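One structure is given below, encoded as structure tokens.
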Amino acid sequence: MTDFSVIAMFKVKHEDSSAFLFDDENEDVRILAWTTTPWTLPSNVALTVGPDIEYVKVKTFSPYNARPVSVVLAKDRLSAYFNAEHAELPMQPFDTSEKKPAIPYRVVKTVKGKDLSGVRYEQLLPYVTTPELEANAFRVITGDFVTTEDGTGVVHTAPYFGADDMRVAREAGIPMIGIYNDQNPELPLPLVDRQGKFVEELGEEFGGRYVKAEYYPKEVSSDKEFKPTDLLIALRLKEDNKAFKIEKYAHNYPHCWRTDKPVIYYPLDSWFIRASASKERMAELNKTINWQPESTGSGRFGQWLENLQDWNLSRSRYWGVPLPIWRTEDGEEACCIGSVEELKQGVQQANAQLGLNQETPADLHRPYIDEVVLVSASGKPMRREADLIDVWFDSGAMPYAQWHYPFENQEVFERNYPADFIAEGVDQTRGWFYTLHAIAVMCFDSVAYKNVVSNGLVLDKEGNKMSKSKGNVVDPFLTLADHGADATRWYLISNASPWDNLKFNIEGITETRNKLFGTLYNTYNFFALYANLDGWTMDEKHVFPYEKRSELDRWIISKLYSLVDEYRREMDQYEPTRAARAIESFVDDHLSNWYVRLSRRRFWKGNMNDDKQAAYQTLWECLLVTLQLMSSLAPFFTDWMYRNLTTPIRGKAKAGNTPLRFDSIHLTDLIEPDNSKIDADLEKRMDYAQRICSLALSIRKKERLRVRQPLQKLLLPVLDASFIAEVDGVKELILSEINVKELEYVTDASGMLKKSGKANFKTLGAKCGKDMKAVAAAIESWNDAQINQLERDGQLPVTVDKNTYAITPDDVVLKTEDLPGWKTATDGSITVALDVTLNAQLEAEGLARDLVNRIQNIRKDKNFNVTDRIHVRLEKHPAIADAVAHFGEYIKSEVLADALLLVDSVPAEKVELNDDVALGIDVVINGL
RNA sequence: AGGGCUAUAGCUCAGUUGGUUAGAGCGCUACACUGAUAAUGUAGAGGUCACCAGUUCAACUCUGGUUAGCCCUACCA
């Protein structure tokens with residue numbers, strides 16, 4: 001807002017203590033002080049200077065009337081008010097009729113702020129004064145908050161209207177200015193009343209005027225002749241030769257959030273809780289609370305506790321909890337009521353002693369409670385203090401109030417206190433988090449909560465705060481209606497840690513839905529399709545033994561229980577985002593993309609047998625446990641799927657009292673960790689398998705060799721014997737996944753292996769220090785012979801300058817170089833080479849698989865049932881002759897064909913088999 | 001003004017006690033696979049790790065400073 005600001009000239013009194021500022025007794029010396037609130041000037045009692053700031057005395061002429069004057073202001077502010085070009089002008093009065101007069105000046109003295117301390121001046125607007133003020137106020141004091149960023153470096157100090165002012169004035173022993181009356185023998189009333197009007201003592205000119213223009217009714221303040229009080233004061237000062245400069249000044253000023261009018265700071269009597277007395281204990285106990293993020297607890301909250309001020313409880317309002325404090329009129333005696341029972345006794349006592357006929361009000365709020373009169377120890381009536389208690393006290397008292405503790409429910413309270421966990425916005429650090437803590441520490445010497453998450457804000461997708469005026473608010477109800485609660489919840493938690501601000505993007509919810517929920521749904525759908533066909537249900541009493549399950553089954557079970565571990569660990573540490581991401585990775589990368597993809601055949605091939613049983617049980621367990629882990633974040637989706645998976649066996653489970661007896665997933669017990677199901681070696685083996693497959697597929701891609709085309713051999717250069725044993729465990733899996741016939745290890749013995757070394761910077765760094773770079777270069781230049789020597793001897797010396805280092809195998813990362821003449825690919829320490837040569841046998845098999853694929857596509861196009869048996873007729877073509885001859889039975893079993901015939905022509909459209917071959921394929925259901 | 005958080009690919013985010021090819025998903029492009037098919041895989045393009053200085057053999061990582069965004073508290077004489 002824009003206000004009239006004024007630089008007032010405070011006339012220094014000529015005394016012994018100020019003599020250094022005067023050249024002679026008649027010199028007019030003024031101290032300049034700036035204010036944007038001229039209405040506080042009648043309340044001025046002191047001028048505050050920075051003790052170490054330099055001030056200058058400047059001889060010049062008063063800008064409004066050209067009278068000689070000497071002004072004091074901060075040296076740094078000189079250039080703001082004096083044009084350096086005018087420092088040389090002859091010292092004579094300027095012409096006041098000029099619009100922009102050149103005002104001559106001379107800097108004649110420089111002093112430190114602390115030297116000015118104690119200098120007395122004449123009261124600027126002497127409407128109200130007392131002998132005490134005359135003796136002790138109206139002088140210069142020092143304060144550390146003074147700056148020279150704006151104004152004059154001298155702060156006009158009116159203790160009633162500013163906390164800093166109040167503090168420095170008190171420290172300096174400046175008395176209060178104001179109106180004394182019978183009700184206020186100690187503390188005078190301020191010169192502005194609670195309506196925002198100057199008191200009558202300010203005379204006809206100002207008495208009764210609102211100090212802010214906004215407080216006037218619109219019809220008054222909009223009048224052309226209307227002048228705001230700030231301006232009237234400025235003009236009064238100008239007329240009296242007390243103003244140095246008057247101008248409009250735009251600044252931030254606090255406004256009431258309801259009326260949008262400027263507020264004024266106003267001194268009020270208040271009741272405080274002496275929180276500062278227990279700040280050490282609060283800080284101490286705070287250290288036992290697990291803050292998430294930690295920095296809010298130690299930083300924002302911890303530092304706030306260290307500088308803790310007393311807690312002002314009083315609020316001048318009507319609705320709320322009344323302060324339970326009664327005082328005698330003279331304030332000598334007081335009591336604080338602690339319960340309804342005490343109040344009743346107090347009322348009875350007062351009735352008896354004061355001859356009253358009061359009843360204890362059933363409603364303890366205003367206005368009823370205000371009517372209650374109690375009696376003091378000496379027999380005087382006591383009335384309630386009119387104020388209410390800060391509503392934040394209510395929030396902090398919540399743990400006790402909710403149980404009406406200590407009057408009732410002691411047991412349930414003690415069982416549940418302190419709280420295990422609370423969460424609120426980080427903006428509540430000084431609100432709820434504090435009030436809970438303060439009350440707990442002061443009343444119970446305890447924390448109120450053991451764990452706390454202070455969550456960040458939800459911003460719009462650009463990172464701006466959502467606000468109605470900007471129109472960037474996302475409607476939560478629409479979002480939930482459109483995208484569902486589960487995907488929304490999951491997105492909120494998985495996208496960013498709760499304590500980070502979240503850039504909310506609706507597309508992120510779609511991504512979550514497709515990626516996690518879509519994949520899980522697909523996996524479930526796949527499972528349900530075949531489980532229904534086979535009429536399979538889980539039998540909790542006959543779990544297929546884990547040790548008899550396949551490598552792949554045991555692997556995904558191991559992954560699952562590793563996930564259980566990780567989930568519990570992260571959740572225990574209040575890291576829900578990490579827990580959610582671990583689940584996402586399991587579902588997408590491991591369960592769907594590896595386990596199901598590689599296991600599909602087991603579900604649809606053949607009749608029920610041990611392997612199929614194991615596959616069903618494994619996938620079923622993975623789904624169920626995953627759902628359970630997800631259930632707190634995605635309550636609806638998981639419950640729906642849980643019931644789909646378990647409803648058929650509910651009766652049996654209830655009868656047998658097994659874990660699945662519960663109708664809802666939210667009633668089940670969270671799965672316990674089970675280390676016996678975790679096999680780290682197996683997980684490592686499978687990791688090798690995944691990487692090896694990925695490498696082989698990338699070679700196929702480069703060489704344009706489709707996966708249906710079988711290849712003869714995969715070569716795997718190996719660096720140590722354990723690698724062979726590990727890969728052997730997953731060999732079959734690799735070969736079938738990449739459609740290769742055999743896997744061959746390439747070792748030193750083959751003579752094909754060419755190795756190179758690279759420095760392991762981590763181990764070598766500590767060993768070699770400055771010579772690191774030279775040593776690393778030496779290692780990279782090693783030839784096979786040197787590397788073999790290292791492996792044989794367990795060490796190899798490298799000399800740099802005069803230092804010799806014994807390099808051990810741990811210091812070197814070995815890798816194999818590409819095998820000349822082979823197609824290779826490398827990922828870290830793993831290299832694979834693929835034999836890409838084809839022969840007639842391999843080509844025929846590849847074509848057979850192409851045929852299977854085409855026939856399957858036709859089955860699908862024709863919407864055949866997956867169990868339908870068929871007859872197939874193929875148009876004769878030389879390209880497929882070998883394939884049909886050698887792989888006819890294979891084709892038939894794959895496509896559930898009872899007959900596969902080669903005929904001259906078929907009544908069907910030609911199907912493209914590859915770039916060169918197209919032929920007619922006729923597929924009909926057997927018996928039709 | 002003080003305190004706190006954040007800054008990495010077009011977007012959303014990972015990145016362990018500093019260690020040498022900085023990753024993922026989405027999006028884009030190409031290809032493949034397919035009895036999960038409105039699904040899936042592989043590959044490609046895409047980075048001054050906000051900026052500056054310091055410590056170190058080595059800094060996205062540690063220290064100091066700067067800038068920008070946000071939050072809290074105070075003040076705005």
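Not measured: the values here are computed from a predicted model. Here is how names work: the chains are called A, B, and so on, in the same order as the sequence lines, proteins then strands, and each is numbered from 1.
Here, B:rU66 and B:rG3 have their P atoms 11 Å apart, quoted to the whole Å. One P atom belongs to B:rG2, the other to B:rG64, and the distance between them is 15 Å to the nearest Å. The same atom, C1', is picked in B:rC70 and in B:rA24; the two are 27 Å apart, to the nearest Å. Using P as the reference atom, B:rC51 and B:rG10 are 14 Å apart when rounded to the nearest Å. Distance noted for atom C1' between B:rG46 and B:rC28: 10 Å (whole Å). Taking atom C1' in both B:rU6 and B:rU12, the straight-line distance is 15 Å, to the nearest Å. Atom name C1', nucleotides B:rG69 and B:rU55: the rounded distance is 29 Å, in whole Å. As rounded to the nearest Å, B:rG15 and B:rA9 have P atoms that lie 15 Å from one another.
Taking the side chain of A:Gln856 as heavy atoms from C-beta on, and the options B:rU17, B:rU12, B:rG35, the nearest nucleotide is B:rG35. With distances taken from any side-chain atom of A:Arg581 to the nucleotides B:rA36, B:rC13, B:rG41, the minimum falls on B:rC13. For A:Asp500, the side-chain atoms get nearest to B:rC5 when compared with the rest of B:rA36, B:rC5, B:rU17. Of the candidates B:rC13, B:rU40, B:rG19, the closest approach to any side-chain atom of A:Thr519 belongs to B:rU40.
A:Arg601 comes within contact range of no nucleotide atom at all, as no heavy-atom separation falls under 4.0 Å. Across all strands, A:Leu896 comes closer than 4.0 Å to base atoms (heavy-atom distances). Counting any heavy atom pair closer than 4.0 Å across all strands shown, A:Ser592 reaches a base atom. Contacts of A:Glu584 with the nucleic acid, taken as non-hydrogen atoms under 4.0 Å apart, are absent.
Atom-to-atom, CD1 of A:Ile509 to C1' of B:rC26 comes out at 15 Å; the value is rounded to the nearest Å. In this structure, A:Glu511 atom CD and B:rG10 atom C1' are separated by 14 Å, rounded to whole Å. Straight-line distance from the CZ atom of A:Arg597 to the P atom of B:rA32: 17 Å, rounded to whole Å. When rounded to the nearest whole Å, the span between CD1 of A:Ile699 and P of B:rC31 equals 21 Å. Taking atom CG of A:Leu520 as the reference point, atom C1' of B:rA36 lies 13 Å away to the nearest angstrom. For A:Gln709 and B:rC31, the CD to C1' distance is 17 Å, given to the nearest whole Å. At whole-Å resolution of the value, CG in A:Asn593 and P in B:rA36 are 14 Å apart. Remark: P of B:rU42 and CD of A:Glu737 are 10 Å apart, rounded to the nearest angstrom.
A centroid separation of less than 6.0 Å is found between the aromatic rings of A:Tyr491 and A:Phe504.
For A:Ala487 against A:Arg513, the heavy-atom pair with the smallest separation is CB-CB, 4.2 Å.
Relative orientation of the A:Phe603 and A:Phe526 rings is perpendicular, given thresholds of 30° and 60° on the angle between their planes.
For the pair A:Ile289/A:His437, a side-chain contact is recorded, criterion being any heavy-atom separation below 4.5 Å from C-beta on. Counting only heavy atoms from C-beta outward, the side chains of A:Ser599 and A:Leu552 approach each other to under 4.5 Å.
Searching all strands for a Watson-Crick or G-U wobble partner of B:rG44 with both distances below 3.5 Å returns B:rC28. Base pairing of B:rC60 is not made with any nucleotide, judged by Watson-Crick or G-U wobble geometry with both donor-acceptor distances under 3.5 Å. When Watson-Crick and G-U wobble pairs are counted only if both distances are under 3.5 Å, B:rA38 pairs with no nucleotide at all. Across all strands shown, B:rA1 forms a Watson-Crick or G-U wobble pair, both distances under 3.5 Å, with B:rU73. Pairing partner, B:rA7: B:rU67, with both Watson-Crick or wobble hydrogen-bond distances short of 3.5 Å. Look at B:rU17: it lacks any Watson-Crick or wobble partner with both distances under 3.5 angstrom.
Side-chain polar atoms of A:Trp34 and A:Ser5 form a donor-acceptor pair below 3.5 angstrom. A:Tyr595 and A:Asp589 form no side-chain donor-acceptor contact under 3.5 Å, judged by distance and modelled atom types alone.
Comparing A:Glu894 and A:Lys762, the nucleotide of RNA chain B nearest to each residue sits closer to the 5' end for A:Lys762. RNA chain B is contacted by both A:Arg854 and A:Ala33; A:Arg854 maps to the nucleotide lying nearer its 5′ end (nearest heavy atom per residue).
Using a 4.0 Å cut-off, no side-chain N or O of A:Arg600 falls inside it from OP1 or OP2 of B:rG35. Within the structure, a side-chain polar atom (N or O) of A:Lys515 is placed less than 4.0 Å from OP1 or OP2 of B:rC26. Contact annotation: A:Asn525 side-chain N/O to B:rA36 OP1/OP2 distance is not under 4.0 Å. Of the side-chain N and O atoms in A:Asn853, none sit less than 4.0 angstrom from OP1 or OP2 of B:rC33.
Residues passing the side chain to side chain donor-acceptor pair (under 3.5 Å) test with A:Asn593, sequence neighbours excluded: A:Arg597.
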